[in-house]
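Report on the structure given below.
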Amino acid sequence: MKKIFTIISALFVTGATIADEGMWLPALLKNNYAEMQKLGLKLTPEQLYDVNHSSLKDAIVWFNGGCTSEIISEQGLLLTNHHCGYEAIANHSTTGDNILDNGFWAKSFAEEKPNEGMWVSLLVRMDDVSDRVNKALAGVDPKMADAKKSEIFKEIEGEIKKTGYDAQVKSMFKDNAFYLFVFEKFTDVRLVAAPPQSIGKFGGDTDNWMWPRHTADFSMFRIYANKDNKPAPYSKENIPYKPKKSLPVSLKGLNEGDYTMIFGYPGRTNRYETSYGIQLAIEKINPTIVALRDVRLSAWKEEMDKSDSVRLLMSSQYAKISNYWKYYIGQTEQLKHLKVLQEKQEAEKKFADWSKNKAEYASILSNFEKAYKDYNNYALHATYFREGVLGSAIISFASNFTTLEKALSGDSKNAEEITKTVENIKKAEANFYKSFNPKAEEKILARFTQMFYENVAQRQHPQYLTDLAKKSKGENNTSKFNAFAAKTFEKSFLSSKEKTDKFLANPDLKKLQSDPAYAYFKAFYDNYMTNVKSHIDDFNIINNEEGKKYVKALMEINAGKNFYPDANSTMRMTYGTVKSYQPKDGVDYNYFTTLNGVMEKENPNEFEFRVPAKLKELYKAKDYGQYANAKGELDVAFISNNDITGGNSGSPVINGNGELVGLAFDGNWEAMSGDIYFDQKYKRTISVDIRYVLFLIDKFGGAKNLIDEMNIVRGDSSPVKGTK
Ligand code: ARG
């Protein structure tokens, strides 16, 4: 089986072919098609992507910027992950009506819950605009390239937006190509269903990023449109959207080796990263992110464990931070385990050899090396600033007041401007204080300040921090910074909504400038802007320039072969097959799990592993109805070797006939380095079996109304499972 050669394999890894790697642009699939057919695809390329007729792409929906969803009924019913709907579900939860813990099943349109600020986008078409962008960029000073790029992007997008569509121009292959994506963007999106989080997040952070898995990671929403089926702001008059295409849902199940394809909006990969970048990530950046997130998570957890109402308010932010906390642990571990650094270094040696007589490419690697030398001195500071200074909720909220400070001071003192800024802060404020926990945040500020003080190069500290350490009382850094944080929370008006409201009712420049939380933000921010930012900017300019040349060279080396761009939140398609794997010597992982495994993992004393009574009853009675597999068991999850990443969450897994068979929701531990390096032996996509989803909607949630909306394809010739 042969598909593409990655840059590394083609040039440098002997004899290796990679079968499942690649996040392909659905409009440009021509060269992959023969192999897709060989693997089991029965559809034509036009049935996958077509601009003039309905095709699979019309059922794939970009979900609120960070996830994917798919249309599964003629009435705009959307399926996505539970963790993609999590914030919306949590927002609708109170201790009195706790749908996060108890689940929610709308039995009629009227019960569906609107979500302010939520949006979904449907792709209308994709156009190549490389010539136009390149013309605009020709001869532009590299320092100005980014600004010029945004300008021409905005110009092109503006032309489309005038016609009522949404538009985004995206760079591909590190600026070697540019594409315009035209969307229809809907903002009336309502919550339809979610299982209790004990089912939708079963296994929690313990099982996250791991196989074998037993999570029903799904929730449902619905797109609403105006009477002309067009996007419109929320209104009672809106009606369910009538899609061009909705996915049929299959009860047939999958066997090892079966064809699977996944459409979605993968967010970011960095497959063309150099060894220098990988080394920096392993040694400095990743461990720093993990250490700082450890602090936040344990401080939050302590408070969340004290009461359900606090837990409900903080659950969503906790889940977000913990998801990528574990991601960075896994990525670091697997980059080391799979010796990705060494592999990249080998590849770069060969690249140096190939490029040494080519004027355009000969200095790429040495330029990278030089750029990283300086960047290495500042990257830690930048990470501390982003994850630490701005990771402290009170300090990051203080950043909202810089425009107010400007409006309040000097000549620009302007009543209209002041009113406007105050209004903007008020908008952010309502949301902010809901999940703000001063007890936890005081601890976080103390530890972050201490960690910055102890770990960031002293010559890069703001004078403010040096003074603070000197004047704070205490016998060691811990007690000193504890005392500082306690005082900050006592004195700052930002430490509570009441005090902030009082300040905003009568904003005063002196009061703002002497506020300890605001002063802290200003000190770290100004220091960053004057002493650090220019180094980061210089690095980015070289990294972009050399990266563009590097990828261009790699495309030249791979001329005639398929070559895919890094993920960048544009619609992609990945194809592969259902496939088990061996995580280590002597261990064999089957390709699917069943409800039996949920019961094996059950632990009523562990929040993450509770099983609701009703699910246990259904299990005891083996009441699986038409959703059982051929052996009478209920399949829960499966793995396939598709190439996905964050942003693909909620993506449909589609069989060779174009039917929905699963819902992708995670990757596996052994391939956590996947965003930088695709490992063909280990890389798997973890999906929930669609039959488990349907079973839960029907038998657990009693929402027959939703099942009836779908076009369910029954599996008469369903092959027997588990014959392996
Ligand atoms: N790892 C999953 C992803 O990024 C998210 C899973 C959410 N579950 C959790 N326990 N945090 O797609």
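Here the structure is a predicted model, which means the values were calculated and not measured. Each ligand, and each atom within it, is numbered from 1 in the order the structure gives.
In this structure, Y272 and Y564 have tilted ring planes: the angle between them lies in the 30° to 60° band. In this pair, Y265 and W62 present their aromatic rings parallel. The plane angle is below 30°, not in the 30 to 60° band.
Residue H83 has at least one N or O atom closer than 3.5 Å to an N or O atom of ligand 1. For ligand 1, the polar-atom distance check against D217 finds no nitrogen or oxygen pair separated by under 3.5 Å. Remark: ligand 1 and S649 share an N or O pair separated by less than 3.5 Å (distance only, no angle test). Considering both main-chain and side-chain atoms, N208 comes within under 3.5 Å of ligand 1 through a nitrogen or oxygen pair.
Proximity to W209 (heavy-atom distance under 4.0 Å) selects the following atoms of ligand 1: 1 (N), 3 (C), 4 (O). Near F665, the atoms of ligand 1 lying under 4.0 angstrom from a non-hydrogen atom of the residue are 2 (C), 3 (C), 12 (O). Residue K201 approaches ligand 1 through these ligand atoms, each under 4.0 Å from one of its heavy atoms: 9 (C), 10 (N), 11 (N).
The pair D666-R213 meets the salt-bridge criterion, with a side-chain N (NZ, NE, NH1 or NH2) lying under 4.0 Å from an Asp/Glu carboxylate O. K344 has no carboxylate O lying under 4.0 Å from a charged side-chain N of E273, or vice versa, which leaves the two without a salt bridge. Taking 4.0 Å as the cut-off between side-chain N and carboxylate O, R610 and D101 do not count as a salt-bridged pair. Between D635 and R691, at least one side-chain N (NZ, or NE/NH1/NH2) sits under 4.0 Å from a carboxylate O, which counts as a salt bridge. Between R222 and D188 no salt bridge is recorded (no basic side-chain N to carboxylate O distance below 4.0 Å).
In terms of protein heavy-atom proximity, atom 4 (O) of ligand 1 is nearest to N323 ND2, 2.9 Å. Of all protein heavy atoms, the one closest to atom 2 (C) of ligand 1 is D666 OD1, 3.4 Å.
The residue Y327 has no part lying near ligand 1, judged by heavy-atom distances below 4.0 Å.
Contact analysis puts G204 in contact with ligand 1, with a non-hydrogen atom separation below 4.0 angstrom.
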Exercise for the section: Please assess Y581 against E670 for the test side-chain hydrogen bond (donor to acceptor under 3.5 Å, both in side chains), listing each intermediate value before the final yes or no. Expected result: CA-CA 10 Å; Y581 72 106; E670 296 78 9; 2.6 Å; yes

